[in-house]
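Read through the structure below, which is laid out as structure tokens, and then see the notes.
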Amino acid sequence: MASFSASPPSVLACIGDSFTYNATWLTPPEYYPALLAPRLGLTALNLGVSGNSTGQVLNRKQQLVQQGLPAKVILYAGTNDLNAAPVVAASPAPTTTTFSIDTGESYYVADSWITVGGVSAQILSIASKAITLTAPLAGGAPAAGAAVRLDTQKNLEQVVVYIHNAGVALANIFIVGMHYLNFDAGGDTTSAQQTLASQSRTAQAAAATAQGVTYIDTYAYMRALILSGAYVQGSASWHVAQQNSHLN
């Protein structure tokens, strides 16, 4: 087990994508880690990177301990996994350990987990669009056209495993689920979550359950605010703009 120290523990480390580091729409004092940390008596460490997949987050997990062992850790990632939807390329011919994808390679990085045609696998390396796996793919070489997806749940779980092995108690690790998209069209409603957002939320909740950490269901919380009358359905009042998933 790795050993780190912070005396006293004072850092709230938040890792994820632009929902954590919202550089396009907000200024640093308005990012949620900067707003939340003082309420907990902690200092914010914002490790969000706009556009990151969960694979990219897992690949830079060591950043979570760059200032010593954090007191609490929040993981909020998964939405960008849905932006990556490549398939196995026909040429060069795929094998059980190496194949190329047709697009989206920036989301796929060493050490992260993917599914190939629905089969889970870990990436050893990627060069251009050629992915090499750590072990032969169960079931044989993938067929050309087989879907290659980020394994959101597995990647989040592995971040939890890493930071827990470093010394952070499971009670101090949190996974945030996809928030409510309160748009005038195409977003969530109080009866149903938008399909892609629901897919992220399901994987995020499953990762938290599997590793025994706290899941923060922001969709359910924000839905309750609408049902209570505190916010209006379709108003986009908590977004930076209509049809923009980033929070203000």
Side-chain angles (χ1 to χ4, degrees), residues 1-17 19-20 32-33 36-37 39-49 52-82 109 111-115 118-123 134-135 149-180 193 197-224:
M1 178 183 296
S3 178
F4 302 93
S5 63
S7 183
S10 60
V11 171
L12 169 68
C14 303
I15 195 165
D17 49 37
F19 291 157
T20 298
Y32 90 78
L36 176 60
R39 295 173 179 266
L40 301 174
L42 302 172
T43 300
L45 175 61
N46 191 324
L47 298 173
V49 174
N52 258 198
S53 67
T54 55
Q56 291 168 304
V57 168
L58 175 61
N59 184 255
R60 56 188 183 85
K61 61 187 180 297
Q62 292 86 354
Q63 294 177 358
L64 286 164
V65 294
Q66 68 184 26
Q67 295 185 11
L69 192 67
K72 297 182 184 296
V73 173
I74 294 178
L75 316 178
Y76 190 14
T79 303
N80 289 312
D81 290 12
L82 304 174
V109 292
D111 301 327
S112 64
W113 288 82
I114 58 175
T115 60
V119 179
S120 185
Q122 186 179 25
I123 295 176
T134 59
R149 300 290 183 264
L150 277 300
D151 191 335
T152 302
Q153 178 180 344
K154 184 75 170 181
N155 287 329
L156 291 175
E157 285 189 44
Q158 292 305 302
V159 178
V160 171
V161 169
Y162 173 80
I163 196 65
H164 177 55
N165 285 344
V168 177
L170 292 176
N172 291 323
I173 303 173
F174 306 84
I175 293 179
V176 177
M178 182 63 187
H179 53 263
Y180 195 109
Q193 191 173 26
S198 178
Q199 290 175 5
S200 283
R201 180 168 168 250
T202 297
Q204 291 157 340
T209 298
Q211 293 301 317
V213 301
T214 299
Y215 173 66
I216 301 175
D217 192 346
T218 55
Y219 170 83
Y221 173 75
M222 296 165 88
R223 175 181 180 272

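All figures in this text were calculated on a predicted structure; none of them were measured in a lab.
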Shortest non-hydrogen contact between [X] and [Y], atoms and distance:
X      : Y      : answer
Ala71  : Ser10  : CB-N, 4.2 Å
Ala13  : Leu64  : CB-CD2, 3.8 Å
Leu170 : Gly212 : CB-O, 3.9 Å
Pro70  : Val168 : O-CG2, 3.6 Å
Leu156 : Ala77  : CD1-O, 3.9 Å
Asp151 : Thr54  : O-OG1, 4.3 Å

| query | Just one of Arg223, Met222, Arg201 clears the side-chain contact (heavy atoms from CB on, under 4.5 Å) bar with Asp217, so which one? | reply |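 Result: among Arg223, Met222, Arg201, Arg201 is the only option passing the side-chain contact (heavy atoms from CB on, under 4.5 Å) with Asp217.
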Spell out, as yes or no, whether a donor-acceptor pair under 3.5 Å connects the side chain of [X] to the backbone of [Y].
X      : Y      : answer
Thr218 : Gly177 : yes
Asn80  : Asn52  : yes
Asn59  : Gly55  : no
Gln153 : Ala203 : no
Asp111 : Leu58  : no
Gln158 : Asn155 : no

| message | Walk me through whether Leu36 and Ile74 qualify under side chain to side chain contact (heavy atoms under 4.5 Å, CB included). | response | CA-CA 11 Å; Leu36 176 60; Ile74 294 178; 3.7 Å; yes
| Going by the side-chain hydrogen bond (donor to acceptor under 3.5 Å, both in side chains) test, which pairs reach into residues 202-215, not counting sequence neighbours? |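 Of all non-adjacent pairs touching residues 202-215, those that pass side-chain hydrogen bond (donor to acceptor under 3.5 Å, both in side chains) are Glu157-Gln211.
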| query | Under the salt bridge (charged side-chain N to carboxylate O under 4.0 Å, His left out) test, which residues partner Asp17, sequence neighbours left out? | reply |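 Partners of Asp17 under the salt bridge (charged side-chain N to carboxylate O under 4.0 Å, His left out) test: none.
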Side-chain heavy atoms of [X] within contact of [Y], under 4.5 Å:
X      : Y     : answer
Val109 : Ser53 : no
Leu40  : Lys72 : yes
Cys14  : Leu47 : no

| message | Using the rule given for side chain to side chain contact (heavy atoms under 4.5 Å, CB included), can you reason through Val57 versus Val49, listing the C-alpha separation, both sets of side-chain angles and the distance that settles it, and then say yes or no? | response | CA-CA 8 Å; Val57 168; Val49 174; over 6 Å; no
Gap separating the [atom1] atom of [X] from the [atom2] atom of [Y], nearest 0.5 angstrom:
X      : Y      : atom1 : atom2 : value
Leu42  : Leu12  : CG    : CG    : 6.0 Å
Ile114 : Asp81  : CD1   : CG    : 12.0 Å
Trp113 : Thr152 : CH2   : OG1   : 14.5 Å

| message | Tell me whether the rings of Tyr76 and His179 are parallel (<30°), tilted (30 to 60°) or perpendicular (>60°). | response |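 The arrangement is perpendicular - the two ring planes meet at more than 60°.
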| side chain to side chain contact (heavy atoms under 4.5 Å, CB included) assessment of Ile15 paired with Thr20 | CA-CA 7 Å; Ile15 195 165; Thr20 298; over 6 Å; no
